[in-house]
Each structure stands twice: as C-alpha cells, then as structure tokens.
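Right, one structure below, let's go through it.
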Amino acid sequence: MLVLNEILKNRDAVVKALAKKHFKADEIVDKIISLDQVRRNTKQQLDDTLFESNRLAKEIGGLYKQGKKAEADALKEKTAELKDLSKTLNDKFEETQSKINSLIVEMPNTPCDLVPEGKTADDNVIVKMEGEIPALPEDALPHWELAKKYNIIDFELGNKVTGAGFPFYRGLGARLQRSLITYFLNTAIDNGFTEYQPPLVVNEASGFGTGQLPDKEGQMYHCNLDNLYLIPTAEVPITNIFRDVILKEEELPVKNVAYSGCFRREAGSYGKDVRGLNRLHQFDKVEIVEISNQEDSYHILDTMVAHVESLVKGLGLPYRILRLCGGDISFTSALTYDFEVFSAAQKRWLEVSSVSNFESFQANRLKLRYKTSDGKTKLCHTLNGSALALPRIVAALLENNQTPEGIKIPAVLVPFMGCDIIK
RNA sequence: GGAGAGGUGGGUGAGUGGCUGAAACCAACAGUUUGCUAAACUGUCGUACUCGAAAGGGUACCGGGGGUUCGAAUCCCCCCUUCUCCGCCA
C-alpha cells in the first residue's frame with residue numbers, strides 16, 4: 001500500500017502517476033485528504049481526553065493513599081464522563097482510520113518514470129530480444145505430445161490421482177525438473193543469494209503481508225481446518241520473513257533465493273492457454289527476493305534482470321525482455337520486466353519470469369524498515385523475480401530441442417541429467 | 001493429542017494493581033582519559049501516532065485480542081507460541 005504521508009504531500013504527482021496505470025485517483029485522494037483531517041482532529045481530542053483521565057486516575061490514587069475517600073469518589077464520577085467521551089472518540093478515530101485504510105488499499109502502486117504508456121500487453125516495450133528461433137520441421141510436436149512420446153510427463157495420471165493441472169513427471173522428466181531446479185539454485189548461490197527452503201503453507205497474517213489477502217483469496221488453496229494457505233509462490237513465505245522487521249542499513253541488500261512448489265487455483269482460466277504445461281495448479285519455481293535501501297533498488301532490479309537473463313541464455317532458449325506498460329503492469333509493482341521464451345512448436349512466446357521493483361509498496365504493508373547510520377527509520381524497497389518458473393521452460397526446451405533422435409539436453413544441465421538426450 | 005511451566009526493550013533479567021515505558025547488568029553508539037590496544041568514567045540508547053518552526057509536550061504499545069477497575073506488565077477470558085514430561089510418528 002502507498003504511504004499516507006506521501007499521498008498527502010504529493011497529491012498531484014500521485015494522481016498523475018496513477019493515470020499511467022489508468023487509475024483515476026483524484027476523487028479517492030481528496031477523500032483521503034479530508035478524512036485525514038478528521039483523523040488528526042479526533043486523535044488530538046482523544047489524546048487530550050486520555051491525558052485528563054490519566055491525570056485524574058493518579059490524583060484518585062493519591063487521595064486514597066491519604067485516606068480522603070470522599071474526595072476520591074467525587075473525582076471518580078468525573079472520570080466516568082471522560083471514559084464515555086474517550087470511547088466515542090476512539091470509535092470515531094478507528095472508524096476514520098479504517099476508512100482511510102480501505103481507500104489507500106484500493107490504490108495501486110505508482111509506476112516509476114520508466115514505465116511506458118499503454119493499455120495492453122501489445123504496448124509493452126521489447127527492450128531486448130536474443131537467441132535464434134529454431135526452424136522446426138512441419139511435423140514438429142507440441143510439448144504435450146513429446147511428453148507422451150517419451151513418457152516423461154503424465155497428465156492423465158495427474159487427472160486420475162488429483163485433478164487437471166497436477167501432472168506427474170516421470171523418469172527423465174522428473175530428473176529434468178530436478179536438474180533445472182539445481183541449475184537455477186546453484187547459479188543464484190554463485191551470484192550471492194542465500195538459499196532458503198520455506199514452508200509451503202502460510203498463515204493468514206502472511207497472506208495479508210504480501211497482499212494475496214484479502215483480494216485474491218480465491219486464487220489460493222485454503223486448508224480450512226487449520227486456516228492455512230498453500231503458497232502461490234515462495235515470495236510469500238520468503239518476504240514474510242521480514243514482516244515487522246527493522247534491519248540495519250549495513251545488512252542491505254538482502255538477497256534470498258528459494259525453490260518451492262507453487263499452488264494456484266487459477267480460477268477462471270480456460271482454453272488453449274492452459275494446454276499441457278502452459279498453466280498448472282501446481283508447479284515448481286525458483287524465486288529470488290531482494291530487500292534494498294531506497295537509493296539502490298533500481299540498480300538492484302537491473303542486476304536481477306541480468307541474473308535471470310543469464311539463466312535463460314544458459315539454456316540456449318530464444319528470449320525477449322519486455323518492460324511492461326502502465327496497463328499491463330501489476331497492481332503492486334513500480335516497474336516490471338517480463339521474460340518470455342519462444343516455444344517453437346506452439347509458435348508463441350511464453351512468459352517465464354517477471355522481475356519487479358515494488359519500491360516501498362510492499363514494505364509499507366509489511367512494516368519492513370531499516371535504520372540508517374544517522375538513526376532514521378525508513379521503509380525498505382522490496383524486489384522479486386522468478387528465476388525461473390519451470391513448466392514453460394520445460395515446454396520450450398522440449399519443443400525447441402526436439403530432433404529425430406530425441407530431445408537434446410542443454411550443456412548446463414547435462415551434469416545433473418547424466419545424459420545429453422532424452423530418447 | 002494429554003499434563004505442567006513460561007512469553008517483559010538488541011540480549012540476560014527484575015517487576016503480583018497507582019511512585020513502571022518499565023530496575024539492574026550486558027551489548028551498541030558518542031565523548032573524556034590514555035604512546036597504541038584494553039580498561040575506567042560520563043552521556044545516549046524501543047516503535048508508532050499526534051501537537052509544535054523548534055525546544056519540547058501528549059497518547060498507545062510488556063506474545064495477540066477482549067474484559068474487570070478511577071487506575072493493568074501485574075487480575076479474568078479466548079487465541080498464538082516456547083519449554084519439560086507422556087502418547088503417536090517419517
């Protein structure tokens with residue numbers, strides 16, 4: 001969520017910035033400004049009332065000690081009034097506060113200046129495109145056919161045991177998953193990230209901390225009995241490590257990486273987009289999360305993009321990097337780069353990574369702060385990115401690397417695969 | 001799952017109704033002293049909101065949420081969590 005004081009201080013700038021996200025903010029901001037006046041006034045009155053109550057309580061205590069019971073009892077009546085008054089004021093204060101809160105929560109993050117204007121994915125800016133798109137023969141197979149042909153991924157078995165969107169990986173298919181995870185993790189560790197193995201279920205507070213709750217409740221699997229949620233991404237547990245934390249500036253940047261299964265209900269998805277590995281209810285992903293001070297976050301975003309790029313490059317997949325436009329960027333992000341790889345048999349670009357700087361939007365909700373050397377407490381900036389999500393990488397690898405002899409394994413994976421071709 | 005004991009500031013830990021936003025010690029930071037290091041001494045040393053130009057006030061917070069009371073870290077209720085013992089178990 002945006003920072004209240006920033007909204008108040010920079011009203012016009014905020015409204016202007018949000019217009020890029022096609023969000024009309026002027027009315028909502030003005031409502032916030034006037035509610036904030038009420039909030040401050042009420043707070044002042046409330047504090048004054050409580051001050052008086054506290055003063056009287058002390059006086060009463062003193063009188064009792066001196067044995068002046070009658071005088072003390074007289075004062076008690078006064079405090080009863082103050083108590084009513086403070087209750088009323090407190091209710092008003094909390095009500096106003098929560099009104100302000102629910103208005104702020106509706107507001108998306110302000111996009112940074114680099115975010116291009118635009119409405120849809122078509123307006124995203126391609127900042128880089130590399131790698132050769134393989135020329136496959138006419139009878140090239142899409143990955144779901146290849147998966148069947150080589151018996152490495154079994155979608156029907158997943159249907160039987162669990163349901164659609166929960167495939168089994170078998171033999172070299174399973175080993176390919178494990179190899180990719182190892183390759184991604186090892187590269188991240190080489191680049192200075194600390195590896196975590198997080199819990200795969202989280203409590204409600206964590207769901208709120210990273211913003212999945214209350215809005216996207218329907219997107220997460222929920223264990224009713226214990227009121228826990230299956231994580232949609234490792235971002236949730238890894239970022240919530242820092243909920244209500246104040247770091248020292250010299251501890252920054254924090255660089256964490258985690259592999260996890262990810263669980264998404266994907267309510268409302270359908271059609272060709274969800275064929276095969278394109279969209280699953282359970283999939284594997286390695287996620288990088290960084291926490292930075294306010295000055296360095298955009299530089300760090302660049303290093304994260306470079307890290308993800310090295311992964312895709314290493315696999316030899318044709319890729320492009322997009323800077324998302326105002327209409328396509330997520331609610332919480334200030335700047336996002338998407339990575340897409342070309343899946344040559346489906347003949348389409350598949351999104352495999354999304355790397356974002358959230359500035360202080362997430363940190364404000366998390367109450368994640370750092371202390372500067374001169375003792376000031378500031379909100380951190382948080383960033384994260386997939387590095388990488390497996391299914392679409394696997395889809396592209398299978399399709400692009402298919403040959404009459406079998407599916408060629410990229411060199412970086414061979415040591416983990418123990419072979420260089422799936423036959 | 002059953003029984004018992006706990007949860008206080010960066011750490012240890014005192015505090016069973018008012019004089020406690022919280023002793024003491026340690027750590028940290030600044031200064032003084034000192035050939036250097038160390039030691040000693042002095043001071044500072046939680047977070048948020050709010051009033052104020054500032055100096056400086058005020059309010060809230062002792063795991064979380066409710067309650068009793070003029071007054072709660074302290075009493076009551078619910079929840080979370082840690083430890084010990086028992087049970088179960090990869």
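We use all heavy atoms of the structure for the numbers below, so side chains are in, but hydrogens, waters and symmetry mates are not. Chain naming here is simple, since letters A, B, ... match the order of the sequence lines and numbering starts at 1 in each.
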Identity of whatever pairs with A53(B) - Watson-Crick or G-U, under 3.5 angstrom: none
Quick one: label Asn54(A) by what it contacts on the DNA or RNA (base, sugar-phosphate, nothing), any heavy atom closer than 4.0 Å. sugar-phosphate
Provide, to the nearest angstrom, the distance between the CZ atom belonging to Arg369(A) and the P atom belonging to G46(B). 14 Å
Could you tell me how far U20(B) sits from A28(B) if I compare only their C1' atoms? Round to whole Å. 24 Å
Please give the distance between the P atoms of A3(B) and A73(B) as a whole number of Å. 31 Å
When Ala57(A) and Arg40(A) are each assigned the nearest nucleotide of RNA chain B, the 5'-most assignment goes to Ala57(A)
C62(B) pairs with which nucleotide, Watson-Crick or G-U wobble, both distances below 3.5 Å? none
Could you check whether Glu95(A) pairs with Lys92(A) (Lys NZ or Arg NE/NH1/NH2 to Asp/Glu carboxylate O, under 4.0 Å)? no
Mind checking the P distance from G56(B) to C62(B)? Whole angstroms is fine. 27 Å
Once you round it to whole Å, what is the distance between P of C49(B) and NZ of Lys367(A)? 10 Å
Rounded to whole angstrom, note down the C1' distance from U12(B) over to A48(B). 27 Å
Under 4.0 Å between any heavy atoms, over every strand shown, what does Ile60(A) touch: base, sugar-phosphate, or nothing? Just pick one. base
Rounding to the closest angstrom, what is the interatomic distance between G6(B) and U74(B) at atom P? 15 Å
Once you apply a heavy-atom cut-off of 4.0 Å, does Arg55(A) come out as touching a base, just sugar-phosphate, or nothing? nothing
Any side-chain heavy-atom pair of Val308(A) and Tyr337(A) under 4.5 Å: no
Would you measure the distance from the C1' atom in C70(B) across to the matching atom in G7(B) and give it in whole Å? 30 Å
Specify the separation, in whole Å, of atom CG of Leu4(A) and atom C1' of U50(B). 13 Å
Could you say whether Lys65(A) or Glu52(A) is positioned toward the 5' end of RNA chain B, judged by the nucleotide with the nearest heavy atom to each? Lys65(A)
Separation of G10(B) atom C1' from Leu247(A) atom CG, nearest Å, is 13 Å
Could you tell me whether Glu27(A) and Lys31(A) make a salt bridge, using a distance below 4.0 angstrom between a side-chain N and a carboxylate O? no
From the options Lys285(A), Gln212(A), Gln362(A), select the one residue that forms a side-chain hydrogen bond (donor to acceptor under 3.5 Å, both in side chains) with Glu235(A). Gln362(A)
Please tell me if the side chains of Val201(A) and Asp226(A) come closer than 4.5 Å, counting only heavy atoms from C-beta onward. no
Counter-base of A30(B), judged by Watson-Crick or G-U geometry with both distances under 3.5 Å: U42(B)
Just compare A60(B), C70(B), U47(B) and give me whichever is closest to any side-chain atom of Leu50(A). A60(B)
Atom pair distance, as rounded to whole Å: CG in Asp244(A) and P in U81(B): 17 Å
How close or far is atom C1' of C70(B) from atom CD of Glu71(A), stated in whole angstroms? 15 Å
Measure from the side chain of Asp47(A), starting at C-beta and using heavy atoms only, and say which of G71(B), U59(B), U47(B) lies closest. U59(B)
Using 4.0 Å as the upper bound for N to carboxylate O, is an ion pair formed by Asp12(A) and Lys16(A)? no
Expressed as a whole number of Å, how far does the C1' atom of C26(B) sit from that of G9(B)? 13 Å
Compare the minimum distances between each of G71(B), U59(B), C51(B) and the side chain of Phe51(A), then state the nucleotide with the smallest one. U59(B)
Return the value, rounded to whole Å, for the distance between atom NZ of Lys78(A) and atom P of U69(B). 21 Å
Taking atom P in both G58(B) and A22(B), what distance in whole Å separates the two? 12 Å
Using the side-chain heavy atoms of Lys43(A), tell me which of these nucleotides is nearest: G71(B), U59(B), A48(B). U59(B)
Asp190(A), CG: over 12 other non-hydrogen atoms inside 6.0 angstrom: yes
Using a heavy-atom cut-off of under 4.0 Å over every strand shown, decide if Ser53(A) touches base, sugar-phosphate, or nothing. nothing
Rounded distance in Å - CZ (Arg39(A)) to P (U50(B)): 4 Å
